[in-house]
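First comes the structure, then the notes that go with it.
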Amino acid sequence: MELAYKKQNCTQLSEEYIGKEAVLAGWAATIRDLGGIIFVEVRDRSGLFQVVADPKINPQVYETFQKLKSEYVIQVKGKVSKRPDDTINEKLLTGSIEMYPDEIKILSSSKTLPFVLEDETVSEDIRLKYRYLDLRCERMLNNLTLRHKIVTSVRNYLNSLDFLEVETPILIKTTPEGARDYLVPSRVHDGKFYALPQSPQVFKQLLMVGGIEKYYQIAKCFRDEDLRADRQPEFTQIDIEMSFVEQDDIIKMTEGLVKEAFKAAGVEIQPPFKRISWQEAMDRFGSDKPDTRFGLELFDVTDIMENSTFEAFKGVISKGGTVRAIKIPNIAHYSRKDMDDVRNLAIKFGAKGLAWVTYMQDGTVKSPVFKFLNEEQIEEIQKRAQAEKGDIVFFVADMPKVVYDVLGRFRLYFGEKLNLIDKSKHDLLWVVDFPLFEYSAEDDRFVSVHHPFTMPAYEDLDKLETDKGHVKSIAYDIVYNGCELGGGSIRIHDAAIQQRAFKALGLTEEDIKEKFEFLVQAFEYGTPPHGGLAIGLDRLVALLTRSESIRDVIAFPKNSQAKDLMSDAPGVASEQQLRELHLRLRNQPKVN
RNA sequence: GGGGGCGUAGCUCAGAUUGGUUAGAGCGCAUGCCUGUCACGCAUGAGGUCGCGGGUUCGAUCCCCGUCGUCCCCGCCA
């Protein structure tokens, strides 16, 4: 596309252009002034192109070149020429050609940059403060380019399947459950607030009631919770909902989508992906997002320990607890200090203690717990662990949730530490059959694992009243290399089942009316069976670009304290603004 | 809310085993020289509230306390 200021992109030029006129515009990336000749690399989004000024060839151009400084914006016009054979730069896409411009214009000058572009060691806070400069670096350009390609491939894929992209509101009513809402005060309605959506959940279900049948949206979502490397206060989901579907339909559709998204990143993957039940994931990997690129699977020794004389374990078991173990290979040489560190790690992860068996290289076996076990039990442990010389088996006894969590984290810790993870793998799988409810000790009641509209497994419907803790749901997560990429569920479309689900959650009629009235009401007017899922776009792109943080795939992210270091948001509001919003501050904001 | 790391030149860092007279390096920047560089080379030079405040001390970049900034983790969050 020819523009007023440029007719070609830098890397569009090739040897085919030799002798032809070109007009480039971009930034002076590097300037090499050799005294009698000046080389400048022009950079635009496409890449680099070298232009040369020689006083004997064009004194006027040479004079302007002498004025150039780093990151000046320039335009050059002239004929593309071949470089002398011995000056070809193999590292540059356009390294065999160059231009002695007939004309150069300085379109804009630049101050000295606060940091050297492409210097990977520059700290992130400096780069975030001058994000517009960081964006000039190849890394950010590549990340944003890949993000765009992935979004494009997703849109193309869903469009080809007859989906409609529909926007849902950003100013909505606050929702009682889930994450903390961002609130927006209403000027028109004194004392009332909008919330920003944590996800378009309610609206996408209403779109199904509205007959849209197949909906998607590249949706901005907002959660006012503390940040992490993979969590931003505003983030983007590929949000999808479909009518007249069961779980398999969603899974199949998503597998195609993920395949296309990976293809856009140059990675070929072949659906269908493995499916593993939530229970199996917890039993084998201690996680609902298992990284199955390596072994170190957990195993159950509750039955053995139950018949031991180890009162600590027996006490846990009699209270409904479990004893599980993990075998870590080739660490029997660990010193006492190493073992203390491991024990402290277990405690940090939530264990009350740690027991172990060491299978020494000399064939002896050492364990602080063996005095509580008979020979048969000791043998059975070795058999289940398939322990060999050099291994250590660790035991954790507690309520299942704690045991899974501690051993699951142990597994990841040692997998990383012992370098057991094949980083070249693209391991995709589905975790299915999640429990519908989870007991919350904090609230002393059962709460939704997914959300209150998740369909219970058909075979578990009669347990809704009798055995809440064991009701499975039709919910599914997609997991990539041990990271949750997305998840979703089939929703309840039957008013009677929805009432039973609400009841199981301990919600009263008033609660339901207050919290979900318009949704429940909508469902009374003919609701198609429906379900969907959402995929975290930022995480997906971060994983595919091997970025350490999702900040690296967002053009203008917040820092770990939810501040925008560039614009210094959030800022203070004026007294006038506060008055219009009917607000008074409890504390004066800190001014730095 | 809690735990940990870091904070010295524009950027990235060093600054000792023990607190001491003039706080260094590379990159960048400036000036000069240099006609085929592409990490151009060579020379010269400028550039510092050692994050901030307080304390200990004859004396603090260094030790102590507080505070601010930033990153990571737990809690929180799908």
Side-chain angles (χ1 to χ4, degrees), chain A residues 29-41 48-57 62 69-71 81 83-92 94-96 98 100 110-130 133-134 177-181 198-199 201 221-233 235 237 288-289 344-345 347-350 405 409 413 431 434 438 442 448-451 454 475-479 483-489 533-536 539 548-549 551 558-563 565 568 590-592:
Chain A
T30 53
I31 298 156
R32 292 182 287 270
D33 183 349
L34 270 60
I37 185 168
I38 301 174
F39 298 96
V40 172
E41 275 174 347
L48 298 167
F49 184 87
Q50 178 170 279
V51 293
V52 198
D54 185 329
K56 281 190 225 143
I57 292 173
Y62 182 78
K69 289 179 189 175
S70 196
E71 297 301 308
S81 53
R83 291 199 199 183
D85 282 342
D86 55 337
T87 65
I88 289 170
N89 184 356
E90 303 287 351
K91 287 184 231 162
L92 211 60
T94 55
S96 66
E98 61 191 359
Y100 287 85
S110 170
K111 295 209 292 188
T112 301
L113 265 44
F115 60 93
V116 182
L117 298 184
E118 304 298 349
D119 178 353
E120 293 291 328
T121 67
V122 172
S123 64
E124 193 180 14
D125 51 329
I126 298 285
R127 286 192 275 119
L128 285 181
K129 182 172 176 186
Y130 300 97
L133 298 180
D134 195 29
E177 313 255 320
R180 192 179 295 116
D181 281 322
Q198 298 172 25
S199 81
Q201 184 60 40
C221 305
F222 306 85
R223 289 177 192 164
D224 188 4
E225 297 291 350
D226 286 345
L227 279 62
R228 289 287 186 281
D230 62 350
R231 270 169 23 197
Q232 283 273 304
F235 60 100
Q237 288 191 338
D288 61 2
K289 44 178 180 176
N344 287 336
L345 196 67
I347 287 164
K348 190 179 144 199
F349 290 161
D405 193 40
R409 291 201 206 185
Y413 172 80
V431 177
F434 275 75
E438 172 183 44
E442 196 185 325
S448 295
V449 169
H450 193 62
H451 59 63
T454 304
Y476 33 80
D477 275 0
I478 184 164
V479 176
C483 299
E484 183 194 327
L485 266 194
S489 64
L533 94 169
I535 291 177
R539 277 187 199 176
E548 302 224 328
S549 156
R551 291 188 294 270
K558 310 277 187 290
N559 76 356
S560 74
Q561 276 141 76
K563 284 204 319 192
L565 293 177
D568 202 31
K590 267 187 240 170
V591 181
N592 295 323

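By convention in this document, chain letters (A, B, ...) are assigned in the order of the sequence lines, proteins followed by strands, and residues within each chain are numbered from 1.
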Enter the distance from [X]:[atom1] to [Y]:[atom2] here, rounded to the nearest 0.5 Å.
| X | Y | atom1 | atom2 | answer |
| --- | --- | --- | --- | --- |
| A:Gln201 | A:Gln237 | CD | CD | 9.0 Å |
| A:Phe39 | A:Glu98 | CZ | CD | 6.5 Å |
| A:Asp134 | A:Leu113 | CG | CG | 11.0 Å |
| A:Asp477 | A:His450 | CG | NE2 | 7.5 Å |
| A:Tyr62 | A:Asp33 | OH | CG | 5.5 Å |

Distance in angstrom units between [X] [atom1] and [N] [atom2], rounded:
| X | N | atom1 | atom2 | answer |
| --- | --- | --- | --- | --- |
| A:Phe115 | B:C27 | CZ | C1' | 14 Å |
| A:Glu118 | B:C11 | CD | P | 18 Å |
| A:Arg127 | B:U70 | CZ | C1' | 13 Å |

For [N], which nucleotide is its Watson-Crick or G-U wobble mate, given both distances must be under 3.5 Å?
| N | result |
| --- | --- |
| B:C6 | B:G69 |
| B:A23 | none |
| B:U18 | none |
| B:C50 | none |
| B:A60 | none |
| B:A43 | B:U31 |

Counting N and O atoms only, with roles assigned by atom type, does the side chain of [X] sit under 3.5 Å from a partner on the main chain of [Y], one being a donor and the other an acceptor?
| X | Y | answer |
| --- | --- | --- |
| A:Tyr476 | A:Ser489 | yes |
| A:Gln50 | A:Gly95 | no |
| A:Arg83 | A:Ile88 | no |
| A:Arg223 | A:Gln198 | yes |
| A:Gln232 | A:Lys558 | yes |

What interatomic distance, in whole Å, is found between [atom1] of [M] and the corresponding atom of [N]?
| N | M | atom1 | answer |
| --- | --- | --- | --- |
| B:A23 | B:C27 | P | 22 Å |
| B:C62 | B:C71 | P | 25 Å |
| B:C76 | B:A14 | C1' | 40 Å |
| B:G32 | B:C13 | C1' | 29 Å |
| B:G19 | B:A60 | P | 13 Å |
| B:C72 | B:U31 | C1' | 44 Å |
| B:C29 | B:A46 | C1' | 9 Å |
| B:U57 | B:C64 | P | 16 Å |

Looking at [N], I'd like to know if its phosphate oxygens (OP1 or OP2) sit under 4.0 Å from a side-chain N or O belonging to [X].
| X | N | result |
| --- | --- | --- |
| A:Thr121 | B:C13 | no |
| A:Gln561 | B:U70 | yes |
| A:Lys289 | B:A78 | no |
| A:Gln237 | B:A78 | no |
| A:Asn89 | B:U37 | no |

Once you apply a heavy-atom cut-off of 4.0 Å, does [X] come out as touching a base, just sugar-phosphate, or nothing?
| X | answer |
| --- | --- |
| A:Pro84 | base |
| A:Thr112 | sugar-phosphate |
| A:Val52 | nothing |
| A:Glu98 | base |
| A:Asp54 | base |
| A:Leu565 | sugar-phosphate |

A:Lys91, nearest nucleotide to its side chain (from B:C29, B:C11, B:A39):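 It is B:A39.
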Consider the side chain of A:Val116, meaning its heavy atoms from C-beta on, and name the nucleotide among B:C38, B:A78, B:G28 that approaches it most closely. B:G28
One thing to verify: whether A:Asp405 and A:Arg409 come together as a salt bridge, which I'm taking to mean a side-chain N less than 4.0 angstrom from a carboxylate O.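 Here A:Arg409 pairs with A:Asp405 in a salt bridge, since their nearest N and O are under 4.0 Å apart.
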Lys/Arg N to Asp/Glu carboxylate O, A:Arg551 vs A:Glu124, below 4.0 Å: yes
So which protein nitrogen or oxygen atoms get under 3.5 Å of nucleotides 72-77 of chain B's nitrogens or oxygens?
unit_1 : atom_1 : unit_2   : atom_2 : d
B:C72  : OP1    : A:Arg551 : NH1    : 3.2
B:C72  : OP1    : A:Arg551 : NH2    : 2.5
B:C73  : OP2    : A:Ala229 : N      : 3.4
B:C74  : OP2    : A:Arg228 : NE     : 3.0
B:G75  : N7     : A:Arg228 : NH2    : 2.9
B:G75  : O6     : A:Arg228 : NH1    : 3.1
B:G75  : O6     : A:Arg228 : NH2    : 3.2
B:G75  : N1     : A:Asp226 : OD2    : 2.6
B:G75  : N2     : A:Asp226 : OD2    : 3.3
B:C76  : O2'    : A:Glu225 : OE1    : 2.4
B:C76  : O2'    : A:Glu225 : OE2    : 3.4
B:C76  : O2     : A:Arg231 : NH2    : 3.1
B:C76  : N3     : A:Arg231 : NH1    : 3.3
B:C76  : N3     : A:Arg231 : NH2    : 2.8
B:C76  : N4     : A:Arg231 : NH1    : 3.2
B:C77  : O2     : A:Arg231 : NE     : 3.4
B:C77  : O2     : A:Arg231 : NH1    : 2.7
B:C77  : N3     : A:Arg231 : NH1    : 3.2

Could you check whether any side-chain heavy atom of A:Ser70 comes within less than 4.5 Å of a side-chain heavy atom of A:Thr112, counting everything from C-beta outward?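 They are not in contact (no side-chain heavy atoms under 4.5 Å apart), so the answer is no.
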Are A:Phe39 and B:U37 stacked, counting the six-membered base ring, centres under 5.5 Å, planes under 30°? yes
Could you pick out which residue, A:Leu92 or A:Lys56, lies toward the 5' side of RNA chain B when each is mapped onto its nearest nucleotide?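 Nearest-nucleotide comparison on RNA chain B picks A:Lys56.
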Let me know, please, whether A:Asn559 or A:Leu113 comes out on the 5' side of the other along RNA chain B by nearest nucleotide.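 Whichever sits nearer the 5' end wins; that is A:Leu113.
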So which of A:Leu117, A:Leu133, A:Val122 actually passes side chain to side chain contact (heavy atoms under 4.5 Å, CB included) with A:Arg127? A:Val122
Take atom CD of A:Glu548 as the centre, draw a 6.0 Å sphere, and report whether it contains more than 12 heavy atoms from other residues, nucleotides or ligands. no
Check whether the side chain of A:Arg83 and the base of B:C38 form a donor-acceptor pair under 3.5 Å. yes
What does the list of N/O pairs under 3.5 Å between the protein and nucleotides 40-44 of chain B look like, with a distance for each?
unit_1 : atom_1 : unit_2  : atom_2 : d
B:C40  : OP2    : A:Arg32 : NH1    : 3.2
B:C40  : N4     : A:Asp33 : O      : 2.6

Please tabulate the protein-to-nucleotide N/O contacts below 3.5 Å involving nucleotides 3-6 of chain B, giving atom names and distances.
none

